[in-house]
Amino acid sequence: MRQTWRWFGPTDLVSIDAVAQAGAESIVSALHHVPTGAVWTPSEIAKRQDDVSRFRDGRPSGLGWEVVESLPVSEDIKKQKGDWRAHLANYKTSLRNLAEAGIEVVCYNFMPVLDWTRTDLAFPLPNGATCMRFDLVDFAAFDIHILARPGAAGDFADELREEAAERFAGMSDARRGQLAKNVVFGLPGAAENFSLDDVRRHLAEYAGLGEDKLRGHLVDFLSEVAPLAADLGLRLCCHPDDPPVPLLGLPRVMSTEADYARTMAAVDIPANGITLCSGSLGARPDNDLPGMMARLGDRVHFLHLRNVTRETPGVLCSFHEAEHLGGDTDMAALMEAALTEEARRRAEGRADWSIPMRPDHGQDILDDLGRQAQPGYPAIGRLKGLAELRGLMVALEPRIAAGA
Ligand code: DNO
């Protein structure tokens, strides 16, 4: 298992020096400054590789850019509208340029409009740490009363609707503004940061585009890019929806094991693969993460190890981001399933037996507090997560290798 670390580029508050000191072996990064839909040019890719390869004082870091997260899929491609054919051609050019630069793993997602969604970016825990949280009542208050989306009220059960009305009535203007900002924060480091009007405009564009159509567009996209990726020696991996439920009346198609099984079967080649994110998928009680790793492991090209604590029952629930070994996913069992898959690949002689893994998100602890790194991406909280995961790995690996 390759221990990787997400780095947002030269503007990231966490330096390459810090990444090396945390013990990570390679870097996950993206060209966040390139607008979605445009080509990632060889020179921009080379520049990022160079940034990754050096410490602040210019000495070699020994780190390389191993995984792209994400090469974003444009809204036009997801909707098959506007410039989607040009964007698709550009996507392919970017894949060729990445392959040329020696990068093999490319993560993306297919969530309409917003990437991850939270209601709190710094929710205080009893020990003084902060974490990201999704509170269903706050979210309903946002959807029904702040965004005032037509039809929103009908998407929530009566009791929840009443709670949301009460919650909204009791909120200060400042809290309402903060909540809206948190929900639309979108993709960290992305060029797009949406205003409420932008969100309304984007939502309107999806009118009439339901789950089946979006799934069809995903399969169309993969039918174009996955065979090319295979030719280029690349592995594409789709990140799950976060949270893994439809929100804001938008369809979501990569939320469950059944979704993944369908999409893998639709374009049935290894280059069409999975980013198994235990944090995103773990927000649903019916996603069995160790089981998914065991059953879909063959196509898992990238692992995001993170944990959540679900606070309410139901598929659409409140949750917060727990410590990596805390929360509702049995991380030891998931690690065991991942190492078992690696042993299986090694026995088969697969060149890609070692799966890149990153400690996904972290709580803000110690000097992270008040430092305002990208939400979810503090230095020390992630360092702790990586250290704990590495401990699990070192403990389990020899046992599993011996049994293989
Ligand atoms: C959030 C991340 C996501 C992820 C993208 C991948 O922290 O897990 O933003 O990078 O969804 O496409």
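Residues take their numbers from the sequence shown, with the count starting at 1. FYI, side chains are in, hydrogens and waters are out, and symmetry mates aren't considered; it's all heavy atoms of this structure.
Two residues are said to be in side-chain contact when any heavy atoms from C-beta on lie closer than 4.5 Å; Met132 and Pro375 meet this criterion. Residues Val137 and Ser318 form no side-chain contact, since every pair of their non-hydrogen atoms from C-beta on lies 4.5 Å or further apart. Within the 4.5 Å cutoff, the side chain of Asp155 has heavy atoms near those of the Arg149 side chain.
For the 3.5 Å distance criterion, the side chains of Asp220 and Gln80 qualify, holding a donor opposite an acceptor. Side-chain contact, Asp198 with Ser195: a donor N or O sits under 3.5 Å from an acceptor N or O. Side chains of Ser29 and Arg48: a donor on one and an acceptor on the other come within 3.5 Å. Between the side chains of Glu44 and His33, at least one donor N or O lies within less than 3.5 Å of an accepting N or O. A donor-acceptor contact closer than 3.5 angstrom is absent between the side chains of Tyr377 and Arg382. In this structure, a donor-acceptor pair under 3.5 Å is present between the side chains of Thr130 and Asp364.
Both the sub-6.0 Å distance and the 45° axial angle are satisfied by Arg176 relative to the ring of Phe168.
Arg345 and Glu342 are not joined by a salt bridge, as no carboxylate oxygen comes within less than 4.0 angstrom of a charged side-chain nitrogen. Taking 4.0 Å as the cut-off between side-chain N and carboxylate O, Arg344 and Asp298 count as a salt-bridged pair.
The only member of Asp242, Asp135, Asn182 that meets side chain to side chain donor-acceptor pair (under 3.5 Å) when paired with Arg118 is Asp242.
Aromatic pair Phe134/Phe123: ring centres not closer than 6.0 Å.
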Exercise for the section: Show the numbers, then the answer: is there a side-chain contact (heavy atoms from CB on, under 4.5 Å) between Val106 and Cys237? Expected result: CA-CA 6 Å; Val106 179; Cys237 39; over 6 Å; no

